[in-house]
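Order of the sequence lines sets the chain letters (A, B, ...), proteins ahead of strands, with each chain counted from 1. Hydrogens, waters and symmetry mates play no part in the numbers below; they use all other heavy atoms, side chains included.
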Number of protein chains: 2
Amino acid sequence: MDDLTEMLKGTLEGCVLEIIGGEETYGYAITRRLNELGFADVIDGTVYTILLRLERNGLVQATKRPSEVGPPRKFYALNDAGREELGRFWAKWEYLSSRIDTLKEGGR
Amino acid sequence: MDDLTEMLKGTLEGCVLEIIGGEETYGYAITRRLNELGFADVIDGTVYTILLRLERNGLVQATKRPSEVGPPRKFYALNDAGREELGRFWAKWEYLSSRIDTLKEGGR
DNA sequence: TAGTGGTACTCGGTACTACGAGGTAGTGGG
DNA sequence: CCCACTACCTCGTAGTACCGAGTACCACTA
C-alpha cells in the first residue's frame, strides 16, 4: 500500500486509544498490534509520541512494571477522560466516513 | 460535530479531486459543495491552498473564464495524472477504512 | 567475556496539511 | 456611497506522523 502517513493523521491516536481500551498494554506491544492490523508502516517512535501525548493530556494512566525478557514496560490504561475521548473519536470517524462514502457514491 | 481538522488531513485533497472529477468547477463552488456535503467547517482558504497544490503538482488543468455575477472564475479539470491520483486516493481510503473498521469490530 | 539480537522507551528535528485572518476585486442593490 | 455577495490569493500558525539517534535491559552464544 502507498504511503498512508497523511491519512493517518487524526486517526492513529484514536486507534491507539481503542487498543488500550481493549486491554491494558504497553508501547512495544501496541506497535506490533498495529502492524498486524495492517498499519504496516507505523513505527515505534510514532506510537511512543502518541502515548506521551495521551499521558500529558490526562487520557490514560501509566504504570511501570518489570519484564522478564527485557527492560521494564510502561503499561497504559484508559481513565474516564480517555473513554470519553474514545467515544468522541468513533463519533467523528463515523461522521467522516459516512460523508466520504456519500461523496463517493455521487454525493447527493 | 467536533473539530475534524486533523482527521481531514490527507482526505480533503482527495475529496476535492473527486468533486473536480465529477464536473469541471471552480474554488468558490467547491467550498460550497463541501459545506453542503457535511464538511461544514471547511473554509475557502483551505480549498484554494489545495487547488494551487494540485495545479503545481500537475494533477489538474486550470482555465480562467469570466463570470456575470462577480470576478472571473478559475475552472479546474482533471488530467490523466489527476485521474490516476484519484484512483490511488480511493484505494488508500478503502484500505484505511477497512482496517479501522476491523479494529473497531474487535480487531482479529 | 564480548558480541549479537530482541525488547523497551525518550527526544530533537523535519515535512506536510488544514486553518485563521487578512487583503484584492468585480457586480449590483438600498 | 456603502454594503453584501461573489471570487481569488497569501502569510503565518498549530498539530501530527515520521525519522534518526541515543539509552538501556535481557538472553544467548562463540
Q: Check whether any side-chain heavy atom of A:I30 sits under 4.5 Å from a side-chain heavy atom of A:I50, and report yes or no.
A: no
(Q) Students often get this wrong, so: under 4.0 angstrom with heavy atoms, is B:L51 touching a base, only sugar-phosphate, or nothing? (A) nothing
Q: Specify the residues of residues 77-91 of chain A, ordered by number, for which at least one heavy atom lies under 4.0 angstrom from an atom of DNA chain C.
A: none
(Q) Applying side-chain contact (heavy atoms from CB on, under 4.5 Å), can you list everything that pairs with A:N35, at least two apart in sequence or on another chain? (A) A:T31, A:V42
Q: Check side-chain contact (heavy atoms from CB on, under 4.5 Å) between B:S98 and all other residues, then give those that pass, not counting sequence neighbours.
A: none
Q. If you check every side-chain atom of B:R53, which of C:dA8, C:dA18, D:dT10 has the closest atom?
A. C:dA18
Q: Could you tell me the separation between the CE atom of B:M7 and the P atom of D:dT16, rounded to a whole number of Å?
A: 11 Å
Which atom pairs, one a donor and one an acceptor, fall under 3.5 Å between side chains of residues 64-72 of chain B and the rest of the protein, sequence neighbours left out?
unit_1	atom_1	unit_2	atom_2	d
B:R65	NH2	B:E24	OE1	3.3
B:R65	NH2	B:E24	OE2	3.3
B:S67	OG	B:V69	N	3.1

Q. Between C:dC9, D:dC8, C:dT10, which nucleotide has the shortest distance from any of its atoms to the side chain of A:L52?
A. C:dT10
**Q.** Set of residues satisfying side-chain contact (heavy atoms from CB on, under 4.5 Å) with respect to A:A91, sequence neighbours excluded
**A.** none
Enumerate all atom pairs, one protein N or O and one N or O from nucleotides 25-30 of chain C, separated by less than 3.5 Å.
none

**Q.** Pairs where residues 39-49 of chain B contributes a residue and the test side chain to side chain donor-acceptor pair (under 3.5 Å) is met, not counting sequence neighbours
**A.** none
Atom pairs, N/O to N/O, protein against nucleotides 18-23 of chain D, distance under 3.5 Å?
unit_1	atom_1	unit_2	atom_2	d
D:dC18	OP2	A:T46	OG1	3.0

Q. Looking across every strand, which nucleic acid part, if any, lies under 4.0 Å from B:R65 by heavy atom: base, sugar-phosphate, or nothing?
A. nothing
Q) Any idea which of D:dC8, D:dG15, C:dT10 is nearest the A:Y48 side chain? A) C:dT10
(Q) By the ring-ring contact (aromatic ring centres under 6.0 Å, His included) test, which pairs, at least two apart or in different chains, include something from residues 55-86 of chain B? (A) B:Y26-B:F75
Strictly under 3.5 Å: I want the nitrogen or oxygen pairs between protein and nucleotides 1-3 of chain D, one per line.
none

Q | Residue pair A:W90, A:E18: steps toward the side-chain contact (heavy atoms from CB on, under 4.5 Å) verdict | A | CA-CA 9 Å; A:W90 284 123; A:E18 173 67 24; 2.8 Å; yes
(Q) Within the 4.5 Å heavy-atom criterion, are B:I19 and A:L103 side-chain neighbours or not? (A) yes
Q) Can you list the residues that meet the side-chain contact (heavy atoms from CB on, under 4.5 Å) rule with A:E6, with sequence neighbours excluded? A) A:K9
Q) With sequence neighbours left out, what residues match B:E94 under salt bridge (Lys or Arg N to Asp or Glu O under 4.0 Å)? A) A:K104
Q. Under 4.0 angstrom, heavy atoms only, what part of the nucleic acid is A:K74 near: base, sugar-phosphate, or nothing?
A. sugar-phosphate
Q: Mark yes when over 12 heavy atoms from residues, nucleotides or ligands other than B:Q61 sit less than 6.0 Å from its CD; otherwise mark no.
A: no
